[in-house]
Each structure stands twice: as structure tokens, then as C-alpha cells.
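Reviewing the structure listed below.
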Amino acid sequence: MNKMLDSIPSLPVADTVETIMDWLTSHLSALFSFIQDGGKNAMDFITEMLVAIPPVVFILVIAIIAFFATKRKFGLAIFSIIGLLFIYNQGLWEELMNTITLVIFSSIIAIIIGIPLGILMSKSIVAENIIKPILDFMQTMPGFVYLIPAVAFFGIGVVPGVFASVIFALPPTVRFTNLGIRQVPRELVEAADSYGSTGWQKLLKVELPLAKSTIMAGINQTVLLSLSMVVIASMIGAPGLGREVLSALQRAQVGNGFVAGLSLVIFAIIVDRLTQSFNKKK
Amino acid sequence: MTKIKVENVTKIFGKHINSALKLVEQKKSKTEILKQTGATIGVYDASFSVNEGEIFVIMGLSGSGKSTLVRLLNHLIEPTSGSIYIDGENISKMNKQQLRTIRREKMSMVFQNFGLFPQRTVLANTEYGLEVRGIPKEERTKKAEAALENAGLLPYKDQFPSQLSGGMQQRVGLARALANNPDILLMDEAFSALDPLIRKDMQDELLDLQQKVRKTIIFITHDLNEALRIGDRIALMKDGKIIQIGTGEEILTNPANDYVKTFLEDVDRSKVLTVENAMIRPISVNVEIDGPKVALKRMREEEVSVLLAVDKNREFKGYITADDALEAAKRGEKNVVGILKTDMESVAPDMLIQDVLGIISESSIPLAVVKENKLVGVLIKGVVIQSLASDTEEVAANE
């Protein structure tokens, strides 16, 4: 029995993928290096800006935003002050700023790509049938796998980190946008149609406003997922808190690993609560 | 003038449409067709026309295809076959742009669950139709406010729909439709989600409104009382087919088949039957010619104890009783003028039975039915009660 199975020659899947990758990297290298350079410059600039802000000012601004975003409650504001002071105290401030840049960039790119994709999916069953399995694929693939093409395209550094994070963090925004628009009550869609709305009018005046809170839930997920990619992205040289976790892991420094990990958790909680409260407010 | 004309319109949902059509021709039922082909019959071979300024009610139970039919009229659903004409134009042949123009300018829709946009204020909701037409902000606000003013809702213009009661929300829905100033209003179970008292108010308001603005209204309902109350004409639907079209009275007095008849059973008949439906042929004497003996003979022949009295123009004069006629005959009187009584109430033939029930229950004698002073019939207590309780055939037989 085994002989029969063994007689089938092994399919060259890995080779094929590699050939495609080789082709892409050799033919599009100019484009990739342009993105790599441009992206790196832009992100370095943002990080430098963030680092240039005095930490006290930064912490106060976050606390004030938290205070007003949570309907003038002190909980999140106090948590932000204590948490950020702790990170500063542990000497991880610059790493935090790097992480923030990475999260901001990958989230924004994921949202810019994800919302139109979600809209497309909600409008066309064909698009949904094509995109849905791709999203499933993207979400079930371990995040590490995305590092390989990222390195192949962009080398190492922060840009491939963003690339991998975007792929990893994209699906929730797409899915929730699709879901949100499909959940708009049929009667309201009919009302929009029956008054002679064009497709764009219906989308902008009825569907997106009604789907907003669902889409925001998706964006919240996307931001948190891109944050969770920070450690993995550090493997290909993306700077930030993730790199601290990674180096602690490599040197078996439990204490340092704990501190860096805790800093990530603090930052994640602040980001999560803030994005959620923006959603609730409206 | 014909405003909307629907010709042989069929809508089948799902796949295997052609095989489903064949089964429909073989008179298979909706469930059988669903089982065999997986296709659902929405509307089958519907044809009717609606006149300008008419309230045309489409009535049927849920699943009868009435909501599909109304959505075919503005092409929210595209027909499988058949044509729909609005003002003589075939909308099935229109492109998207032309269809939008029709929807924006000619017809507005009112929805069962109001269809208001929750994130928009009452005013912004009312403005919606004008907004998508690209009418400048100032002008559309003015028009929308005028529409809200007419509905008595102007004070609520900055509130959100969820802050209003159901009845008020539907008034907003109606105001939004009217702000567009359409020729045609499509009302899909517009009052069905409201509780009965509010529903009645809304029906009255709609009728008042219709007096003023004269729109062509297509009104969908599953409630026969509502249909009879507001409809100029009614189309009854079952399993996607139109079974009968006619005025409320035509349908009540002459149901097309058993299905219509069962549908009618729970109607409160007193609200729709008129005196004309329940009156019988009057037995009368001519006060100018006939004497008491003739009157007595006629009473004996017809087995009645009261005769209605008319003159030679058949104008109603009063009545005579058998006892009086007997005495007059004994006294040898030559005519019945001396025994004529005039205390009989008269009613008009187009009055509702409901409205004369009070009079007839207090009166020991029949009521004369008089149209333009002429005697046209007589209303007898027993027959009225029978007509309220009975099958329609008996009423029809009495006519």
C-alpha cells in the first residue's frame, strides 16, 4: 500500500512557491527597495517625533484623551499615567515609541486596504466567495510564515515588520466591514433604494453610518492584532518592545522578558480601551 | 386616467425558473412547486391597472406575494416576466438612471417598520429623498419642514426616530414620502405595526390627506377591515395570484371563490354592508288611488301587517297598518288618507348598517328606505340581523 503511495512523485509545491518568490524579488526589486527606503524614512521620522515629545507631556496628553474618551471617568486616565510612567521608569520609552509607530503604520495600512475590501465583499457574492477563503488562509497561517516573504521582499528592519503585521492584522477589518454592511436592515436598504439613491449615496448616507460600530469593532481587533505581531516582527529586526522580549528570550533573562512583556500588555490595554471608547461615544 | 398598469407580471425566486413556470401552468400549489424545483412563486401572472387619485389596496395573508408585488412596482424587485407601466412608460425597460428618476420624482414608499434611518434626525430623515436628488440644503430643509408641519411633527424635528412612538415614527415615514411630492405612494403594510387605535387614527389621517392631495396610493395590508375602510378598490391575493379585484362591496357581496369567502368571514359586516344590501322590496299602496279593501287584500296576499304608502310618483308618504285598514273598510271609507300614519323613520340606501342599527332596534315597525324622496325599499329588523350573520349569498338573493 505504502509503495503505491510512494510511487506518486512528490508535488513540487515548495519549489513552485520559491520560483514565484524569486521571480517577484528579482523583477520587482526596484519597487520593493523604494517601499523599503520610503517606509523606513517615514517611520523613523514619526518615531523621532514621538521620542522628541517630552515623556511627561506625552503621558499627560494620553491621560487627558483617556479621561474625555471614557466620558470623564478617571479609571483609564489613572491607569495610563501609572502604566506609562512604569514603562519610562524601566527605560523602555524609546522602544515603546518604536512600537507605537509600528502599530500606527500597520493599522492604518490595514484599515485603508481592509475597509474597501470589506465593502467590495458586502456588495458582491463573487468577491465574498473569493476573499473569504483568502482571509481564512491569512488568519490560520502562523504569523511567523509572513516573515519569510517579508524578508525576501524588503530585507530586514521595520518595513518588513509592518508588511507582516498588515497581512496578519487585516482580516478582522475586512470581515467586520462586510458583516456590518450586510447587517444593515433590509428595510433601510430598500428605503434608500426606493428614494432613488445611487450606489454611492446609499453606501455613504445609509450603509457605512449604520455599519460604523461593527466596523469600529473590527478596527479595534486589527489594532490589537498588529500589536501582537510586534514580538514576531522583531525577529526580522523591527525595533520596539518586541525586540526586548525576543532578546530576553534568547538570553533566558526571565526578569527582563517579564518587564518588556508587561509593558506590551499595559500599552495593549490602553490602546484597546481607547479604541473601544471611541466606538461607544458615537 | 390610468396611472399604473401591470400586465402579466410574474416573479419567481430561486433557480429552475422555467420548470417552476411550467408547474404553475399545471396548477400545482406553491408548496408542491417549492418541493419539486426549489423555486418560490412570488407573484404569478398579475394584471391590473390603477387609476389616478385612487387608493388601490392589495390584500392577502402573509406569503401571498403582496409585498413582492408592491416592490415590483418600483423595481426594488425585478419581475421575471411581464411589464409594468407608470404613466404609460414601461419601467421594466428603463436603465438605472431612468429608474432612479422615477423613484425620486414619481413614487415614494412607506414601510411596515417605518424604514427610518436611526442615525438621522427626524428632519434629516424627511429630507432624505430631496437630499439624494441634489436639492440645495436650504430648499430641502424648507420643504421637509413644511411636510413635518403638515404632520404636526415640526416640534420633534431634531429628535431621533428612536425617541418617538410608533405612530409618530410612521407619520415621519409618511412625511418623508410626501416631502418628495410624488404622484404615487406605495404603502407596504404601513399601519400594520401600530396598535389598533393608532392604526384607526392613521387611516383617518390618510383619508383626510387623500381628500387634500389626491395621490395615487397603493396600499398593502393583510387586514380586510383596513382594506375595506380605505380602499377604493381591493385586489385579493393568494399564493402569488390575484384572485379578485373590485370595490369592497363587490368583493363582499360577490366573493369570487371559497377562499375569498373564508377571508371575509371575520369581517365585521355591519361596518361595510349598506342599507341597500339588506333592504327588501317594499309592499306599498298608492294613497291617491287605493282604498282600504285593496290594501287589506294586498296584506293578505303578501302576508304582512304593514303597508308603505306612496303617491303616484312613488314618493314616500307614510304607512298604514292592518288594524286601521280593517276599521276603515268597516266604516266604508273609499281611500286610505284617513288612516295614513307618518311616524315611520326613513333612511338612505347608502347608509352603513352599523349606523342604522340603533334606529332599527328601537323601532317596532320597519324602516323605509328613501332615495330622493322616492321609496326604494324597506328595512325589516329580521332581515338586517340575518344579513349581518349570514352568508353573502342570502344577502345577494335578497337584493
Side-chain angles (χ1 to χ4, degrees), chain A residues 69 71 111 115-116 118-120 122-129 173 176-220 275-282, chain B residues 67-68 70-78 94 96-120 124-135 140 160-161 169 172-173 176-180 182 184-190 193 218:
Chain A
K71 292 180 185 154
I111 291 163
I115 290 180
I119 293 171
L120 183 70
S122 71
K123 294 288 171 189
S124 145
I125 294 174
V126 178
E128 191 181 29
N129 287 341
T173 297
F176 278 74
T177 304
N178 175 36
L179 181 72
I181 292 178
R182 284 181 186 270
Q183 271 180 346
V184 172
R186 211 183 81 147
E187 208 180 65
L188 297 182
V189 176
E190 282 185 337
D193 281 333
S194 73
Y195 283 93
S197 317
T198 63
W200 281 109
Q201 284 173 330
K202 183 167 70 171
L203 184 69
L204 296 177
K205 291 177 196 289
V206 179
E207 289 173 324
L208 284 182
L210 286 171
K212 197 173 67 190
S213 62
T214 311
I215 296 174
M216 286 301 289
I219 289 176
N220 172 271
T275 48
Q276 273 189 28
S277 63
F278 288 145
N279 191 13
K280 270 181 215 151
K281 211 168 89 180
K282 286 167 187 172
Chain B
S67 288
T68 307
V70 77
R71 280 164 177 73
L72 288 166
L73 295 180
N74 62 357
H75 257 232
L76 282 180
I77 298 176
E78 289 197 17
M94 286 183 177
K96 276 189 173 176
Q97 180 61 44
Q98 289 170 314
L99 194 60
R100 262 205 300 275
T101 313
I102 289 268
R103 286 178 182 167
R104 287 178 179 182
E105 288 164 16
K106 284 227 169 117
M107 38 173 51
S108 293
M109 195 160 172
V110 181
F111 294 87
Q112 176 168 15
N113 297 307
F114 323 131
L116 299 177
F117 305 122
Q119 83 283 11
R120 289 175 159 246
N125 262 294
T126 316
E127 275 179 16
Y128 187 84
L130 303 162
E131 190 179 320
V132 295
R133 279 161 79 169
I135 287 170
R140 67 175 192 244
F160 287 93
Q169 288 187 42
V172 176
R176 177 174 67 176
L178 291 169
N180 255 355
I184 301 167
L185 273 180
L186 304 174
M187 306 186 71
D188 180 23
E189 301 244 13
I218 310 287

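Proteins come first, then strands; the chains are lettered A, B, ... in the order of their sequence lines, and each starts at number 1.
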* **Member of B:Ile77, B:Asp188, B:Leu76 meeting the side chain to side chain contact (heavy atoms under 4.5 Å, CB included) criterion with A:Glu190** =>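 Only one of B:Ile77, B:Asp188, B:Leu76 forms a side chain to side chain contact (heavy atoms under 4.5 Å, CB included) with A:Glu190, namely B:Leu76.
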
Side chain, backbone, both or neither of [X] within contact of chain A (heavy atoms, under 4.5 Å):
X	value
B:Asn74	side chain
B:Arg176	both
B:Gln112	both

Would you find a donor on one side and an acceptor on the other, under 3.5 Å apart, between the side chain of [X] and the backbone of [Y]?
X	Y	value
A:Tyr195	B:Leu130	no
B:Gln119	A:Pro209	no
A:Glu187	B:Phe111	no

* Which residue out of B:Leu116, B:Leu99, B:Ile102 racks up the most heavy-atom pairs below 4.5 Å with chain A? ->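 Among B:Leu116, B:Leu99, B:Ile102, the one with the most close pairs to chain A is B:Leu116.
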
* **Partner chain A: residue of B:Met107, B:Arg100, B:Arg133 with the largest heavy-atom pair count (under 4.5 Å)** =>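 Option with the top pair count is B:Arg100.
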
Shortest non-hydrogen contact from [X] to [Y]?
X	Y	result
A:Ala191	B:Gly115	CB-O, 3.7 Å
B:Arg104	A:Thr198	NH2-CG2, 3.6 Å
A:Leu210	B:Pro118	CD2-CG, 3.3 Å

* Asked: Would you say the side chain of B:Phe117 lies within less than 4.5 Å of the side chain of A:Lys205, judging by non-hydrogen atoms?
  ->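 Contact flag for A:Lys205/B:Phe117 side chains = no.
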
* To do: Rounded to the nearest 0.5 Å, what's the gap from CG on A:Asp193 to CZ on B:Arg71? Could you check?
  =>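 Atom-to-atom, A:Asp193:CG and B:Arg71:CZ are 11.0 Å apart.
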
